[in-house]
Amino acid sequence: MTPRSLVPSILLVDDHPSNLLALEAVLEPLGMHLVRASSGKEALTHLLREEFAAIVLDVQMPDMDGFEVAALIRRRERTKEVPIIFISAIHRDDSYQAKGYAHGALDYLPKPFSPDVLRAKVSALADLWRRGEVNRMREAMQFERERVELVARERRAQTEATRSASVLDVVVGRSPIGIAVVDADLRCERINVPFAAARSGAPAEAPLGLPLAEILPEGADTVLLAERVRQVFATGEPLLNVEVGWQADRRALASCYPVCVEGRVERVALMVVEATRERAED
């Protein structure tokens with residue numbers, strides 16, 4: 001937040017150079033950035049290039065008077081909230097002042113005006129602009145801090161996820177116990193050979209991406225076990241040694257372990273150990 005960034009700019013609009021010099025002399029003690037415009041067209045050009053805390057606008061100008069300039073300023077999204085102070089030497093009656101307010105003027109000063117009054121009004125508007133600018137800067141800084149923190153968290157989460165995935169690859173690939181890793185949609189991401197072999201007639205490597213219920217051996221408890229896995233995703237608590245039954249009187253013990261990243265269950269590792277397999281006597 002640099003000092004220059006909090007110096008408000010004031011746009012002075014008058015078609016007479018002597019009047020512009022007089023306005024500068026009145027407002028110079030405030031230490032603001034004063035910008036001259038000798039016509040309405042020039043004023044609108046400045047407003048496209050720079051942000052202003054206030055506009056001091058002469059009403060009586062050739063080609064485009066102050067009311068027309070104010071109407072164009074109010075139509076632009078970027079400038080519609082800029083405060084306008086009208087100054088007029090000839091339009092002094094209430095009807096013109098009402099017209100000025102109808103065109104979005106914050107104030108209407110007839111000439112001759114008090115330099116102290118104009119300075120006080122412009123100073124008050126500049127203070128309001130500074131407060132708004134400070135708040136915008138604070139919000140921008142807070143947004144940037146939150147953005148940096150979010151990026152750092154995402155990187156940490158990605159690193160942790162990569163590390164967890166590497167560990168899982170080793171564990172799943174080398175374990176003699178049947179292991180499957182499923183995502184939140186209960187689709188299998190990793191299946192080792194013992195798990196694939198547990199399915200009757202299954203190939204050595206079962207296809208990935210299938211729903212868990214299609215990977216498990218068929219049996220009375222197949223759907224129930226899939227629901228148990230869903231429960232681990234919901235609670236984050238492991239389930240140990242759940243007895244399940246397959247067809248052909250096969251029994252197994254299943255355990256479900258949550259795999260968490262940044263405190264959230266991202267995957268569940270399902271381990272299945274065959275307990276008994278009763279075969280019919282010849």
Write down the atom of [X], the atom of [Y], and the distance for their closest heavy-atom approach.
X	Y	result
P115	V26	O-CG1, 3.6 Å
I215	F195	CG2-CE2, 3.4 Å
M32	P8	CB-O, 3.6 Å
E28	L34	N-CD1, 4.0 Å
I10	A53	CD1-CB, 4.1 Å
D58	S88	OD1-CA, 4.3 Å

Between F86 and Y108, what is the ring plane arrangement, given parallel below 30°, perpendicular above 60°, and tilted in between?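 F86 and Y108: tilted rings.
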
Within 6.0 Å of [atom1] in [X], more than 12 heavy atoms from elsewhere:
X	atom1	result
R264	CZ	no
R155	CZ	no
E24	CD	yes
R153	CZ	no
R78	CZ	yes

Quick check: do [X] and [Y] have side-chain heavy atoms less than 4.5 Å from each other?
X	Y	result
R230	V268	no
Y257	L240	yes
R76	L72	no
F67	L57	no
R228	L270	no
E50	V35	yes
H46	V13	no
D183	R267	yes

Distance check, rounded to the nearest 0.5 Å: [X] atom [atom1] versus [Y] atom [atom2]?
X	Y	atom1	atom2	answer
L125	I84	CG	CD1	11.0 Å
C256	L225	SG	CG	5.5 Å
S9	I55	OG	CD1	11.5 Å
D63	D15	CG	CG	9.0 Å
L210	R187	CG	CZ	7.5 Å
T79	L44	OG1	CG	8.0 Å

Any chance you could lay out the side-chain contact (heavy atoms from CB on, under 4.5 Å) test for L118 and L23, step after step, and finish with the verdict? CA-CA 9 Å; L118 180 60; L23 288 172; 3.8 Å; yes

Would you say the side-chain atoms of Q231 and E227 include a donor-acceptor pair closer than 3.5 Å?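 Q231 vs E227: no donor-acceptor pair found between side chains.
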
Cluster question for you: counting only ILVMFWY and a side-chain heavy-atom cut-off of under 4.5 Å, with indirect links fine, are [X] and [Y] together?
X	Y	answer
L30	L20	yes
L253	V229	no
L239	V223	no
V181	V273	yes

Please report the C-alpha distance between M64 and V69 in whole Å, then the side-chain angles of each, then the deciding distance to 0.1 Å, and finally whether the side-chain contact (heavy atoms from CB on, under 4.5 Å) criterion is met. CA-CA 7 Å; M64 189 186 305; V69 175; 3.5 Å; yes

Determine yes or no for a side-chain-to-main-chain donor-acceptor pair under 3.5 angstrom, with E68 supplying the side chain and D65 the backbone.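 Yes, the answer is positive, given that a donor and an acceptor are paired below the 3.5 Å cut-off.
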
Side-chain donor or acceptor of D221 paired with backbone N/O of G245 under 3.5 Å: yes

Does the pair R251 and V244 meet the rule for a side-chain contact (heavy atoms from CB on, under 4.5 Å), with working shown? CA-CA 6 Å; R251 310 296 296 176; V244 294; over 6 Å; no

Pair L12, L27 - check side-chain contact (heavy atoms from CB on, under 4.5 Å), show working. CA-CA 10 Å; L12 310 177; L27 299 176; 3.7 Å; yes

